[in-house]
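This report concerns only the one structure given below.
All values derive from a computational prediction rather than experimental measurement.
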Amino acid sequence: MKSVEIREAFLRFFEEQGHTRVASSSLIPNNDPTLLFTNAGMNQFKDCFLGNEKRAYTCATSSQKCVRAGGKNSDLENVGYTAHHHTFFEMLGNFSFGDYFKKDAITFVWYFLVSVLKLSKEKLWVTIYATDYETYNIWTKDIGMPVERIIRIGDNKGAPYASDNFWTMGDTGPCGPCTEIFYDHGAEIWGGLPGSPEENGNRYIEIWNSVFIQFNRTADGVLHRLLAPSIDTGMGLERISAVMQQVHSNYEIDLFVNLLSASAEAIGCANDNQCSLKVVSDHIRSCSFLIADGVLPSNEDRGYVLRRIIRRACRHGYKLGATGSFFYKIVAQLVTEMGCAFPELKQQQTNIEHVLKTEEEQFTQTLEHGLKILERDLTELKGTVIPGNIAFKLYDTYGFPVDLTVDIARERELTVDTAGFMREMDAQRMRARSASSFSRDHNTLFKVDAPTKFTGYMATSGLAKIISIYKDGTSVDVLRAGEKAVVVLDQTPFYAESGGQVGDCGFLSSNSSRFEVCNTTKTSSTFLHHGVLVLGNLPVGASVNAHVDADVRHAIAVNHSATHLLHAALRQVLGKHVQQKGSLVDNQHLRFDFSHLEALKLDQIQALENIINAKIRKNTPVKTEETDIETAKKKGAITLFDEQFGDKVRVLSIGDGFSVELCCGLHAKFTGDIGLLKIISEGGVACGVRRIEAITGAAALAHLDAAAEQLNKVTSLVKSSRNHLINKLSAMLERNRALEKQLDYLQAKVASAASNDLLAQALDVKGVKVLAVRLDGQDRKVLLALVNQLKYKLSRAVIMLGGVHENKVSLVSGVTKDLAGQLKANELMKQVATLVGGRGGGRSDIARGSGLDASRLDAALNLTIPFVEAGI
């Protein structure tokens with residue numbers, strides 16, 4: 001049975017049992033700061049289990065893509081060396097949110113394994129939590145599992161409920177016992193039963209885990225029964241595929257067979273069950289899926305983990321003999337294997353290949369340099385442990401991931417002091433924190449449970465009642481004139497800052513008071529109106545008129561609609577790989593961050609403006625509608641990877657499908673309201689992330705007027721009309737280039753003549769001609785020409801020229817070729833430039849520098865003779 005058939009059989013079976021099939025969520029967890037990546041099927045249903053979210057269904061089934069390669073759930077070091085560990089895997093799951101419980105869950109599991117997949121009952125073993133007698137009775141009495149194949153697992157981790165068979169979401173919160181099903185691969189495979197000393201072998205493999213979420217654990221450690229207990233089950237697709245395909249390693253299943261062959265072909269090696277080849281074939285899956293979900297290589301957070309995985313795969317490929325970039329070439333085979341189940345791979349294939357190729361090319365240089373440093377340190381190593389400070393130096397100075405150091409150490413039967421490495425990391429973080437300033441989030445001071453009804457989609461004013469007032473983070477009953485505070489209303493037309501759109505401003509008023517609102521934010525579903533009371537007193541419970549500044553609101557709304565047009569145009573001009581990475585929309589301008597690896601060309605920027613302004617001129621309606629998430633996706637709605645969705649979502653559509661996105665923000669009624677869009681800047685903000693800033697309407701017209709005025713000034717300065725301006729400027733530039741060539745020729749002649757005068761000043765130091773001279777009033781170009789002339793006329797010579805030109809110190813050093821092995825011009829330059837408060841660099845035979853402290857120039861030049869004496 002092929003993996004794709006197993007996946008479909010599982011999902012179809014649970015649909016037939018009344019479950020709703022739910023698509024896999026992104027590998028980027030939805031608003032869950034506790035997780036680096038989605039690592040279990042239940043992640044997307046976490047709020048359902050916590051009772052914070054109600055969905056249209058109470059039972060669900062999914063095939064969730066998961067990554068375990070960072071944080072406490074990382075499997076990275078085991079990948080390639082064991083039969084069942086992966087950085088990327090699929091988790092088949094079925095879930096109940098207060099619907100069915102233990103008996104039905106176990107019955108479903110058993111029926112699917114035995115009747116649908118037709119596994120032998122005699123091959124299956126079960127574990128339960130030691131005191132979960134209810135589960136024990138279901139297995140023995142209802143299912144008929146022999147008692148000798150049921151293993152009780154108690155608190156085996158040194159604390160109450162600290163067991164492999166007791167699941168917790170954290171120190172407090174939902175928790176409960178679980179039951180696991182193990183498959184016996186046969187006596188010819190080494191390994192023992194769960195709980196035995198040989199349990200880590202490959203004979204008995206866990207294939208299914210059912211968690212019974214029936215308690216809520218409070219801070220005092222007490223378990224309280226939940227009124228609506230739930231079910232969270234999971235089965236790894238790769239593991240069950242190995243069972244169904246009668247192989248003992250996940251790397252032998254159909255999902256990996258062709259990937260291994262493609263990896264071997266890309267590397268140019270034999271496919272001989274090498275661990276390194278398994279690493280490459282595993283890592284192409286996690287890397288490709290992460291990039292498809294919007295992660296890009298970087299030096300922090302998720303991007304850093306992705307970079308580590310890519311580099312680990314590349315190094316294992318190089319171990320097998322790869323030359324040049326190879327990793328990206330495997331993506332096509334992955335798309336063939338999994339593109340139907342996960343269409344984002346097909347949509348993003350070109351982008352994935354580009355990202356991987358670029359990152360590998362950068363890593364080649366890092367690896368070469370880092371390996372040289374590591375090899376040097378290993379020759380001086382005493383013992384079998386690589387100190388943490390060495391691993392950290394490689395990481396911090398040369399960008400060499402600690403995982404690679406650990407891998408190399410393992411190959412040489414060495415270990416790495418990872419605890420020491422982490423101490424160095426922590427110290428660095430502390431230094432970074434002390435060098436930075438932090439501000440408190442303006443919402444964290446408030447613990448408000450009362451939800452606010454938002455009426456701002458239809459109006460900019462309305463009556464409201466004050467629910468609470470917070471002054472300096474403390475609840476107060478009344479606010480007096482001149483006091484700053486946060487006011488909470490029962491309903492409000494004020495839009496709260498979210499989705500990149502700034503919060504509304506305006507005022508709250510009654511007959512005797514006026515509260516100026518400078519910003520609106522929210523925490524959970526409560527809107528917070530930040531401002532100052534400028535008139536009267538304002539008590540809790542009072543009724544007020546809430547007025548949004550309608551002009552500012554309109555300007556913000558049209559900029560927000562323009563942002564959606566920009567997003568759609570970017571995907572049209574650059575490709576479907578473009579994903580939103582952040583935005584800021586206010587009444588002055590719009591800013592849009594997006595995934596793309598290269599700077600935009602001028603013609604691309606022009607194409608964006610042309611597309612957007614054409615849509616604006618058509619004056620098409622900007623439509624919004626509420627629907628469920630699945631219907632929205634069928635309409636082609638673009639979602640952000642970190643968005644959280646409830647039962648209903650708001651879909652914004654512009655221009656007959658040109659732009660369809662989920663958005664809760666405020667928008668123009670027609671595209672014509674935007675007036676005009678002008679892009680004013682484009683640049684990079686992070687690895688693989690670009691930023692566009694633009695203005696609209698009156699601001700865009702003012703920008704064009706200012707540009708026209710500047711153009712008029714230029715035409716006046718060069719005495720030309722607009723029609724002939726380009727020809728006039730071209731002629732002037734050509735003349736300027738000719739004059740520069742003439743100047744260079746004259747300077748060379750002057751330098752040649754001056755060099756003859758300078759030769760007499762050279763000193764003999766240990767058989768080396770040393771010339772260190774101050775020449776004020778000459779720029780670095782002249783000094784460079786002089787040094788080259790002197791190098792031509794001298795042998796075994798070191799030259800250091802410096803001078804003050806336009807209030808700055810210019811420096812040039814040179815060493816003749818016959819001394820290049822002993823003395824280096826760039827090393828001399830570093831010493832001299834440092835002393836004058838500057839820096840410099842270059843090659844071993846010629847180097848340049850500059851500085852700001854002219855008072856120390858003579859002393860700096862005098863460093864030349866000691867430098868020569870020390871090097872000869």
Go through the steps for Glu359 and Arg311 under the test salt bridge (charged side-chain N to carboxylate O under 4.0 Å, His left out), then give the verdict. CA-CA 8 Å; Glu359 181 65 18; Arg311 292 183 171 190; 3.3 Å; yes

Kindly determine whether Arg691 and Glu682 satisfy salt bridge (charged side-chain N to carboxylate O under 4.0 Å, His left out), including the steps that lead there. CA-CA 6 Å; Arg691 171 174 292 173; Glu682 187 277 337; over 6 Å; no

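- Looking at heavy atoms from C-beta onward, Ser3 lies out of side-chain contact with Glu337 at the 4.5 angstrom threshold.
- A ring-centre distance under 6.0 Å is not found for Phe594 and His567.
- Counting all heavy atoms, side chain and backbone alike, Phe342 lies closest to Ser24 at CE2-CB, 4.2 Å.
- Gln348 contributes no side-chain N or O that, together with a main-chain N or O of Glu353, makes up a donor-acceptor pair within less than 3.5 Å.
- Of all the heavy atoms in Ala391 and Thr405, the pair that sits closest is CB-CG2, 4.3 Å.
- In terms of modelled atom types and a separation under 3.5 Å, the side chain of Arg571 and the main chain of Val578 share a donor-acceptor contact.
- The two residues Met91 and Gly41 make their nearest non-hydrogen contact at CG-N, 4.1 Å.
- At a threshold of 4.5 Å between non-hydrogen side-chain atoms, the residues Leu378 and Arg412 count as touching.
- In summary, the aromatic rings of Tyr251 and His86 are positioned with their centroids under 6.0 Å apart.
- Between Glu90 and the options Arg285, Lys65, Arg7, a salt bridge (charged side-chain N to carboxylate O under 4.0 Å, His left out) holds for only Arg7.
- A donor atom on one side chain and an acceptor atom on the other are not found under 3.5 Å apart for His84 and Arg239.
- Under the 3.5 Å distance criterion, the side-chain polar atoms of Glu413 are left unmatched by any main-chain donor or acceptor of Ala409.
- Side-chain contact between Cys340 and Val4 is absent, with no heavy atoms from C-beta onward closer than 4.5 Å.
- The closest side-chain heavy-atom distance from Val651 to Glu661 is not below 4.5 Å.
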Give the C-alpha distance, both sets of side-chain angles, the deciding distance and a yes or no for side chain to side chain contact (heavy atoms under 4.5 Å, CB included) between Ile28 and Val295. CA-CA 8 Å; Ile28 312 304; Val295 183; 3.2 Å; yes

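- A donor-acceptor contact shorter than 3.5 Å links the side chain of Ser595 to the backbone of His577.
- What you find for Phe327 and Cys314 is that their closest heavy atoms are CB-SG, 4.3 Å.
- Side chain of Thr418 to main chain of Phe421: no donor-acceptor pair is present (N/O by atom type, distance under 3.5 Å, no hydrogens or angles).
- To the nearest 0.5 Å, atom CZ of residue Phe256 and atom OG of residue Ser261 are 13.0 Å apart.
- Inspection of the Asn273 and Lys278 side chains reveals an N or O donor paired with an N or O acceptor under 3.5 Å.
- Of the possible polar contacts, none joining the Ser286 side chain to the Val67 backbone as a donor-acceptor pair under 3.5 Å is found.
- His85 and Thr82 are linked by a side-chain donor-acceptor pair at a separation below 3.5 angstrom, with hydrogens and angles left out of the test.
- We find the CD1-CD distance between Ile291 and Glu344 to be 13.0 Å, quoted to the nearest 0.5 Å.
- A heavy-atom distance below 4.5 Å is found between the side chains of Ser249 and Glu252.
- Atom OG1 of Thr38 and atom CG of Asp293 lie 8.0 Å apart (nearest 0.5 Å).
- The side-chain heavy atoms of Ile267 and Val280, taken from C-beta on, include a pair separated by under 4.5 Å.
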Chi angles and distances behind the salt bridge (charged side-chain N to carboxylate O under 4.0 Å, His left out) call for Glu8, Arg21: CA-CA 11 Å; Glu8 180 57 32; Arg21 187 186 295 212; 2.9 Å; yes

Show the numbers, then the answer: is there a side chain to side chain contact (heavy atoms under 4.5 Å, CB included) between Thr350 and His354? CA-CA 6 Å; Thr350 301; His354 190 174; 5.6 Å; no

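- Minimum interatomic distance between Arg312 and His283 (heavy atoms only, all atoms of both residues): NH1-NE2, 3.1 Å.
- Glu5 contributes a side-chain N or O that, together with a main-chain N or O of Lys2, makes up a donor-acceptor pair within less than 3.5 Å.
- Counting heavy atoms from C-beta outward, Ile330 and Leu334 have side chains that stay 4.5 Å or more apart.
- Considering CD1 of Ile390 and CG of Asp377, their distance stands at 4.5 Å, rounded to 0.5 Å.
- No side-chain N or O of Gln501 forms a donor-acceptor pair with one of Ser498 less than 3.5 Å apart.
- Annotation for Leu277 and Ala270: closest pair CD2-O, 4.2 Å, computed over non-hydrogen atoms.
- Put simply, CG on Leu260 and CD on Glu265 are 13.0 Å apart, with the number rounded to the nearest 0.5 Å.
- Close placement of the His185 and Tyr183 rings is indicated, their centers lying within 6.0 Å of each other.
- At distances below 3.5 Å, not a single donor-acceptor pair connects side-chain atoms of Ser325 with backbone N or O atoms of Glu360.
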For the pair Leu92 and Thr61, evaluate side chain to side chain contact (heavy atoms under 4.5 Å, CB included) and give the outcome as yes or no after the intermediate values. CA-CA 8 Å; Leu92 305 171; Thr61 184; over 6 Å; no

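- Listed for the Gln349 side chain is no donor-acceptor partner under 3.5 Å among the backbone atoms of Val335.
- No side-chain donor-acceptor contact under 3.5 Å links Glu361 and Tyr328.
- A distance of 7.0 Å separates CG in Leu600 from CG in Leu570, rounded to the nearest 0.5 Å.
- Using a distance-only test at 3.5 Å, with no hydrogens or angles considered, a donor-acceptor pair links the side chain of Asp282 to the main chain of Thr87.
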Please determine whether side chain to side chain contact (heavy atoms under 4.5 Å, CB included) holds for the pair Gln64 and Asn43, giving the CA-CA distance in whole Å, both sets of side-chain angles, and the decisive distance to 0.1 Å. CA-CA 9 Å; Gln64 175 65 49; Asn43 290 162; over 6 Å; no

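- In this structure the side chain of Ile386 never reaches within 4.5 angstrom of the side chain of Thr415, judged on heavy atoms.
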